[in-house]
Each structure stands twice: as C-alpha cells, then as structure tokens.
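One structure is given below, encoded as structure tokens.
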Amino acid sequence: MAAELHNVVGGTRVAGRRTFEKIDPVDGSLVAHVHEAGPDVVDAAVAAARAALDGPWGRASVAERTALLRRIADRIEERFEDFVAAEVRDTGKPEHLARDLDVARAATNFRSFADTIAAAGLDSFLTELPNGRKALNYAVPKPLGVVAVIVPWNLPLLLLTWKVAPALACGNAVVVKPSEETPSTAALLAEVIAEAGAPAGVYNVVHGFGPDSAGEYLTTHRGIDGVTFTGESRTGSAIMRAVAPSVRPVSFELGGKNAAVVFADCDLEKTLDGLARSVFLNTGQVCLCTERVYVERSVFDAVANGLAERAAALRLGRPGDPETTTGPLISQQHRKKVQSYLDLAVAEGATVLTGGSVPELGPDLAGGSWIEPTLWTGLDNSARVVREEVFGPVAALIPFDTEDEAVRLANDTDYGLAAAVWTTNLERGHRVAQQMRVGMAWVNTWYLRDLRSPFGGVGLSGIGREGGLHSMHFYTQPTNVCVQL
C-alpha cells in the first residue's frame with residue numbers, strides 16, 4: 001500500500017492543498033501520495049520556525065545544541081534500516097549504496113558538525129590605541145534565523161543532513177523543502193529529530209514543486225532569513241531573483257561538468273577503477289561525477305577500451321539484488337532528458353563505445369527509468385554534450401598531447417565544481433590540480449572527503465562553501481563587540 005506523506009509544521013503533520021504521486025523509478029509503481037504545501041502551509045511553517053527561535057531553542061547553549069545533534073545521529077543509527085528503505089523507495093539506488101553512502105553519512109554529518117561547533121572559538125583582537133590604552137574586540141556568532149533548506153533528489157538524505165546539521169548546530173530553525181521526487185527521508189528525519197528532543201518548530205517540512213508551489217512560496221517568503229540550495233544552476237538563478245528584493249544571503253551548490261585528466265604515467269588499473277566510479281556512481285546522478293575525460297594520446301585507446309569494459313560489466317537491476325551495481329535514473333522525465341543527450345551526441349558526430357540507449361530488463365522493470373551507461377569518443381569541447389550537464393551515466397573521452405593543453409581543455413567550461421587528476425608524478429599532480437578552475441580537485445582519487453574541508457564551486461557551480469567552519473560562516477551572523485580597556 002502506498003504511503004501518505006504530510007507536511008510537518010511545528011511538530012504536527014499537516015495536509016496540503018492537494019496530493020501528488022511519488023513514483024518508484026525502478027518499476028513505475030506508486031510509492032506515496034504526497035501533500036503539496038500551499039502558501040498557508042508555508043506561512044505556518046515559517047511562523048513555527050520563528051516561534052521556536054523566540055522560545056527556549058533560541059536560548060539553547062552550544063552544549064545543549066551539540067547534545068541534540070548527537071542524539072539525532074544516534075537515533076538515525078537506531079532507525080538505520082528505515083532510512084535505507086525510504087531512500088531506496090524514493091531513488092531506486094542499490095541498497096548497498098544507500099546503506100554505505102547515504103544513511104551512514106547522514107549520521108556522520110550530525111556528529112561532525114557537533115564536533116565543529118563544540119570546538120569553535122571566537123574571533124578576537126587586542127587593539128593598541130595611540131594614547132597607550134587598549135581595546136578588546138570579539139565577534140559573537142548569532143544564528144542566521146529561519147533558514148530555507150532546499151535539497152535535490154540525487155542524494156536526498158545525505159545533502160539534507162549536510163545542511164540541517166550545521167544550521168541546527170548554530171541555533172537556527174529550518175523549513176525544509178525536499179525534492180518532489182524524494183520526499184520520504186525528509187519526512188522520516190522529522191520523526192527522528194522530534195524523538196531526539198528538538199523543540200517543535202525547529203525542523204519543519206513543506207512538500208511540493210518549484211514555481212507556483214512550495215519552492216517559490218518559501219524562497220519569496222519575507223520571514224525567511226537565508227536560503228541554502230543544492231540543485232541545478234537554472235534553479236539557483238531563479239532563487240537569486242526571488243531573494244534579491246530583500247537582499248537575503250544564499251548558499252548554492254549547483255551543477256557541474258566535471259573533468260578528469262589522465263596522464264600516460266598513471267597507474268592504469270587504479271585509474272580505470274577510479275574513472276568507472278566517478279562516471280557511473282549513482283547512475284551518474286552526483287554533482288561531482290565526471291562527464292569529461294581528457295586522456296593523454298599515447299594511452300587513449302587503453303583507457304577508452306578499459307573504461308568501456310568496466311561500463312559493460314555494470315549490472316542494472318532491483319535495489320535489493322546483491323548483484324546490482326547500478327539503479328535507474330530518478331524519473332521518466334529525467335530519462336527523456338538524458339536520452340535526448342544520447343541522441344544529440346550521435347548527431348554531433350560521437351562514436352558510441354558502449355551504451356547509448358534504453359536497456360531491455362524484462363517486463364517487471366519495463367516501467368522503470370532505466371538507461372544504459374554510455375561512453376563517447378570523437379567529440380571535442382565545442383559539442384553541446386561536452387559543454388552541458390547531462391547528469392546521467394555518461395562521459396566523453398577526448399585526447400590531449402601536452403599538460404598545458406589538458407589544463408586548458410579541463411578549464412574550458414562555464415562550470416567549476418570538481419576535477420580529478422590521474423598521474424604517478426605527484427609534482428605534476430599538485431601542479432595541475434592547483435590550476436583547475438574548480439572548488440575541489442582530487443589527485444589519484446575521487447569523492448574522498450574530509451568534512452572539515454571546503455565544499456563548493458565557482459562559475460555556474462555555485463556560491464559559497466560548505467563543510468566544517470565554512471558552513472558555520474553561512475549559518476551565523478557575527479556581532480562585533482568592542483570594549484575600550
């Protein structure tokens with residue numbers, strides 16, 4: 001039986017103006033009836049968050065907030081399998097991926113930001129004055145206020161907790177709008193946060209879409225003090241327009257057209273393993289995934305053939321099957337978009353190494369949103385499929401001859417989120433990685449994260465940084481106090 005998912009306002013389940021259907025991307029079956037929030041529900045959620053800030057939560061000490069975050073992490077682990085099931089129902093990803101990446105990281109996010117806020121100090125300066133006296137300046141961090149948290153469908157629980165954890169650590173109250181494609185884990189997290197003892201209104205959930213729905217009502221609401229968003233660049237631009245009249249702060253982690261640079265002296269097998277992961281993880285639906293692979297010409301054929309072999313070895317299937325490596329795309333609509341790029345690549349002159357179409361997986365999965373992992377050669381940086389984000393299990397392989405050419409090709413993009421450099425020459429690895437016009441560059445690895453380090457991009461890939469103290473800077477506003485001594 002399909003679930004029914006309500007909005008959560010001040011700790012209470014609230015019906016919406018209508019319901020919409022959440023469809024399982026694995027087989028097209030109905031997952032849930034979801035209540036869409038109208039303006040009245042968004043108003044109530046913002047008011048509940050404001051009331052929480054005006055109450056005991058607004059006076060909670062750092063020790064009390066860190067204790068809450070640790071209880072939330074503990075409760076996520078206690079309900080670990082519930083979160084796995086919810087994540088898999090929404091996204092269709094393999095169970096092992098949801099278990100090892102999404103849910104495990106959700107608990108880690110709360111503990112990591114509890115550690116960060118507990119260890120954070122105050123900026124302070126002792127100023128010497130011309131008259132021989134001194135002044136003490138210190139900056140007191142205060143919560144930003146009521147924060148709109150808007151998260152995408154690709155890693156819905158991981159990215160939700162990546163934002164909610166630092167927001168609560170800093171004493172804010174949040175109104176969350178999950179993607180309409182993945183509403184379940186945001187609703188389940190509301191239960192967990194309440195069970196952990198958070199006051200009513202600290203965490204609120206409004207379901208719906210973007211324009212003329214919960215997303216627009218939330219971002220244009222005068223009671224919102226800031227917006228944090230992860231998703232596509234066009235939506236980020238729309239949110240910037242929405243908040244501009246009231247000059248509210250934003251934190252955006254947006255799209256990417258990420259490059260990998262493979263030099264001839266790389267460890268070939270390790271590089272191929274790393275590329276296979278960076279291109280195809282989560283069916284290519286990760287903002288950090290590689291869609292452009294630049295390969296030194298002398299090893300181009302070896303890399304192309306080896307990566308094609310690994311792509312062909314991936315196993316598409318039901319999430320609970322231990323043989324499954326790769327799930328579906330999130331929806332039929334997204335598959336149409338990805339398929340349009342597969343067709344465009346051929347029209348632009350690509351040679352298809354592997355994939356390129358919708359797979360035949362039998363009648364049980366015929367209603368799902370499946371696509372074949374796909375690799376192209378024969379393209380250059382002028383092709384649309386090399387310039388525009390596809391957000392699927394695809395990559396174009398392009399040869400280069402010199403290091404300078406590789407850097408130029410990798411940086412020839414409007415995006416600037418992430419890059420990876422594969423070489424056994426660590427001097428060159430450092431040199432090339434530092435020349436990448438991105439927020440994050442890896443050498444001989446991919447998606448290896450220290451949660452204290454800055455996370456974000458440049459260009460169309462975003463504004464601001466998340467992670468460790470970088471997140472705290474967005475979720476707080478400092479008041480400088482100057483005392484003449």
With sequence neighbours excluded, give me every side chain to side chain donor-acceptor pair (under 3.5 Å) pair touching residues 307-320. Asp27-Arg318, Glu269-Arg310, Asp273-Arg310
How far apart are the closest heavy atoms of Leu188 and Ala86, and which atoms are they? CD2-CB, 4.4 Å
Are Asp414 and Arg437 close enough for a salt bridge, meaning some N to O gap below 4.0 Å? no
Taking NZ, NE, NH1 and NH2 as the nitrogens, is one of them in Asp115 or Arg70 under 4.0 Å from a carboxylate oxygen of the other? yes
Rounded to the nearest 0.5 Å, what separation is found between the CG atom of Leu448 and the CE atom of Met440? 12.5 Å
Determine whether Leu281 and Trp446 make a side-chain contact, defined as any pair of heavy atoms from C-beta on separated by less than 4.5 Å. yes
Arg277 CZ to Asn282 CG distance, which is reported to the nearest 0.5 Å: 11.0 Å
Any donor-acceptor pair under 3.5 Å from Gln285 side chain to Gly392 backbone: no
What's the shortest heavy-atom distance between Ala49 and Ala173, and which atoms? O-CB, 3.5 Å
Is there a donor-acceptor pair closer than 3.5 Å between any side-chain N or O of Arg105 and the backbone N or O of Trp162? no
Gly327 versus Trp370, closest heavy-atom pair with distance: C-CZ3, 3.4 Å
Lys270 atom NZ, neighbour heavy-atom count above 12 within 6.0 Å: no
Are any of the side-chain heavy atoms of Phe455 and Glu253 separated by less than 4.5 Å? yes
Do Asn154 and Leu159 make a side-chain contact, defined as non-hydrogen atoms from C-beta onward lying under 4.5 Å apart? yes
Do Arg452 side-chain atoms and Ser112 backbone N/O form a donor-acceptor pair below 3.5 Å? no
Go through the steps for Leu307 and Leu375 under the test side chain to side chain contact (heavy atoms under 4.5 Å, CB included), then give the verdict. CA-CA 8 Å; Leu307 190 56; Leu375 296 171; 3.7 Å; yes
Under 4.0 Å between a side-chain nitrogen and a carboxylate oxygen: does that hold for Asp225 and Arg50? yes
If only side-chain N and O atoms count, and only distance matters, is there a donor-acceptor pair under 3.5 Å linking Glu181 with His334? no
Residue pair Glu21 / Val31, side-chain heavy-atom distance below 4.5 Å: no
Between Arg13 and His6, is there a side-chain donor-acceptor contact under 3.5 Å, judged purely by atom types and distance? yes
Begin from the C-alpha positions of Thr161 and Phe110 and carry the test side chain to side chain contact (heavy atoms under 4.5 Å, CB included) through to its verdict. CA-CA 7 Å; Thr161 56; Phe110 280 100; 3.5 Å; yes
Identify whether NZ of Lys or CZ of Arg in Arg449 sits under 6.0 Å from the centre of the six-membered ring of Trp442 and within 45° of that ring's axis. no
Is a side-chain donor or acceptor of Thr116 paired with a backbone partner of Phe113 at a separation under 3.5 angstrom? no
Looking only at the side chains, is there a donor atom on one of Thr228 and Lys163 sitting less than 3.5 Å from an acceptor on the other? yes
Classify the side-chain pair Asp43/Tyr217 by whether it contains a donor and acceptor separated by less than 3.5 Å. no
Do you know the tightest heavy-atom contact between Pro373 and Leu316? CD-CD1, 4.1 Å
Distance col, row Leu68:CG vs Ile193:CD1, nearest 0.5 angstrom, shows 7.5 Å
Note, Leu218 side chain near Val175 side chain (heavy atom, < 4.5 Å): yes
For the OG atom of Ser369 and the CD1 atom of Ile23, what is their distance to the nearest 0.5 Å? 9.5 Å
Mark yes or no for whether Gln332, through its side chain, and Gly367, through its backbone, hold a donor-acceptor pair below 3.5 Å. yes
Run Glu389 and Lys337 through salt bridge (charged side-chain N to carboxylate O under 4.0 Å, His left out) and show every step you take. CA-CA 11 Å; Glu389 183 182 36; Lys337 173 196 169 184; 5.6 Å; no
Can you tell if the side chain of Leu160 reaches within under 4.5 Å of the side chain of Leu189, non-hydrogen atoms only? yes
Residues Glu466 and Ser471: side-chain donor-acceptor under 3.5 angstrom: no
Decide, yes or no, whether a salt bridge links Glu195 with Arg79 under the criterion of side-chain N to carboxylate O below 4.0 Å. yes
Polar contact flag, side-chain donor to acceptor under 3.5 angstrom, Asn258-Thr290: no
In terms of side-chain heavy atoms, does Glu36 have a donor or acceptor partner in Thr19 at a distance below 3.5 Å? no
Parallel, tilted or perpendicular for Phe391 and Trp153, by the 30°/60° rule? perpendicular
Side-chain touch Val88/Pro319, heavy atoms, less than 4.5 angstrom: yes
Might you work through the side chain to side chain contact (heavy atoms under 4.5 Å, CB included) test for Cys287 and Glu232, ending with a clear yes or no? CA-CA 9 Å; Cys287 57; Glu232 67 175 3; over 6 Å; no
Are a donor atom and an acceptor atom from the side chains of Arg335 and Ser331 found within less than 3.5 Å of each other? no
What I'd like to find out is whether the side chain of Ile224 reaches to under 4.5 Å of the side chain of Val147, using heavy atoms alone. no
Heavy-atom pair of closest approach, residues Tyr415 and Ser461: CB-OG, 3.5 Å
Answer yes or no: is there an ion pair linking Glu291 with Arg387, defined by an N-O contact shorter than 4.0 Å? no
Expected output: side-chain Glu388 to main-chain Val385 donor-acceptor under 3.5 Å: no
Interatomic distance, Ser184 atom OG to Glu87 atom CD [nearest 0.5 angstrom]: 9.0 Å
Is any NZ, NE, NH1 or NH2 atom of the basic residue among Arg99 and Glu81 found under 4.0 Å from an Asp or Glu carboxylate oxygen of the other? yes
Nearest heavy atoms of Cys289 and Val279, plus distance in Å: SG-O, 4.1 Å
Polar side-chain atom of Lys177 near backbone of Gly208 as donor-acceptor pair, under 3.5 Å: yes
Examine the side chains of Thr182 and Asp90 and answer whether a donor and an acceptor come within less than 3.5 Å of each other. no
Check whether Arg65 reaches the backbone of Ala169 with its side chain - one donor and one acceptor, N or O, closer than 3.5 Å. yes
Candidate list Val227, Thr235, Thr219, Ile463, test side-chain contact (heavy atoms from CB on, under 4.5 Å), partner Met240, passing option: Ile463
Does Ala15 offer a backbone N or O that forms a donor-acceptor pair with the side chain of His35 under 3.5 Å? no
Determine yes or no for a side-chain-to-main-chain donor-acceptor pair under 3.5 angstrom, with Arg292 supplying the side chain and Ala396 the backbone. no
Using side chain to side chain contact (heavy atoms under 4.5 Å, CB included), reason through Leu168 and Asn172 one step at a time and then give a plain yes or no. CA-CA 5 Å; Leu168 299 191; Asn172 299 280; 5.7 Å; no
Quick one: CG on Leu342 to OG1 on Thr374, what's the gap to the nearest 0.5 Å? 5.0 Å
